[in-house]
Amino acid sequence: SRKELGLLVILLGISTVTFGSIMFYVEHESNPDMFNSIMTGCWWALVTITTLGYGDIHPITIGGKIIGAVLLTFGMVFLTLPMTIIVSKFGSVYEKENRKLYDEVPDVSTKEESTSNINTPKLRNS
């Protein structure tokens, strides 16, 4: 699972640089105060991918807003991918611990016991 998480971190870096650069070139002329460098665009892309959305930098052009919507959707999908890995790992560890627990507990049931008389409440005559 370390390989998969490592791959996700690499993809996060590549996506941040790619979308940050695209956003800089789309927004720089219309919005030079907010998108004044590619690194500022990368900061915006990282905040958008991770769905933090500080609001300190935001697009104002239609193209920038469309790119922002695409990146936000990509970020939500991107964040759900590690959850499948984590849940799968949790399930395998949980199953392993359950097997270990049940292997340690001795079986106390006997063949003479029947399920019909175990903890059967006695009815009172009214």
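No hydrogens, no waters, no symmetry mates; every other heavy atom, side chains included, goes into these values. Just so we're clear, the structure is a prediction, and the values are computed from it rather than from any experiment.
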(message) Just to verify, what does Ser15 make a side chain to side chain donor-acceptor pair (under 3.5 Å) with, not counting sequence neighbours?
(response) none

(request) Please check if the side chain of Thr80 supplies one atom and the backbone of Val77 the other of a donor-acceptor pair under 3.5 Å. (result) yes

(request) Show your reasoning for whether side chain to side chain contact (heavy atoms under 4.5 Å, CB included) applies to Ile67 and Val26. (result) CA-CA 9 Å; Ile67 292 170; Val26 168; 3.7 Å; yes

(request) Would you mind listing the cluster partners of Ile60? Hydrophobic ones only (ILVMFWY), side-chain contacts under 4.5 Å, chaining allowed. (result) none

(request) Give me the other members of the hydrophobic cluster that Tyr25 sits in, counting Ile, Leu, Val, Met, Phe, Trp and Tyr linked by side-chain heavy atoms under 4.5 Å, directly or via other members. (result) Phe24, Ile38

(request) Using the test side chain to side chain contact (heavy atoms under 4.5 Å, CB included), find all partners of Leu46 that sit at least two apart in sequence or belong to another chain. (result) Leu12, Thr16, Thr50

(request) May I ask whether Leu11 and Leu72 are part of the same hydrophobic cluster, defined by side-chain heavy atoms of I, L, V, M, F, W, Y residues being less than 4.5 angstrom apart, directly or through others? (result) no

(request) With rounding to the nearest 0.5 Å, note down the distance linking NE2 in His28 to OG in Ser37. (result) 9.5 Å

(message) Who clusters with Met39? Use side-chain heavy atoms, under 4.5 angstrom, across I, L, V, M, F, W and Y, and order the result by chain and number.
(response) none

(request) Could you tell me whether the side chain of Trp44 reaches within less than 4.5 Å of the side chain of Leu71, counting heavy atoms only? (result) yes

Under 3.5 Å, sequence neighbours excluded: what are the donor-acceptor pairs made by side chains of residues 52-59?
{"from": "Asp56", "atom 1": "OD2", "to": "Trp43", "atom 2": "NE1", "distance (Å)": "3.2"}

(request) Considering non-hydrogen atoms only, spot the tightest contact between Pro82 and Leu8 and give its length. (result) CG-CD1, 3.5 Å

(message) Per the ring pair (Phe, Tyr, Trp, His ring centres under 6.0 Å) rule, what does the pair list look like for residues 63-85, sequence neighbours excluded?
(response) Phe74-Phe78

(message) Among residues at least two apart in sequence or on other chains, which ones pass side chain to side chain contact (heavy atoms under 4.5 Å, CB included) with Leu79?
(response) Thr51

(request) Go through the structure and list residues passing side chain to side chain contact (heavy atoms under 4.5 Å, CB included) with Asp33, not counting sequence neighbours. (result) none

(request) Applying salt bridge (Lys or Arg N to Asp or Glu O under 4.0 Å), name anything that partners Glu97, two or more places apart in sequence or on another chain. (result) Lys100

(request) Kindly write out the residues that satisfy side chain to side chain donor-acceptor pair (under 3.5 Å) with Ser21, not counting sequence neighbours, or none if the list is empty. (result) none

(request) Walk me through it: do Glu27 and Thr61 pass the test side chain to side chain contact (heavy atoms under 4.5 Å, CB included)? (result) CA-CA 7 Å; Glu27 285 284 321; Thr61 64; 2.4 Å; yes

(request) Locate the shortest heavy-atom distance separating Ala45 from Gly20; write the atom from each residue and the value. (result) CB-N, 3.7 Å

(request) Tell me, please, which residues at least two apart from Thr18 pass side chain to side chain contact (heavy atoms under 4.5 Å, CB included). (result) Ile14, Ile22

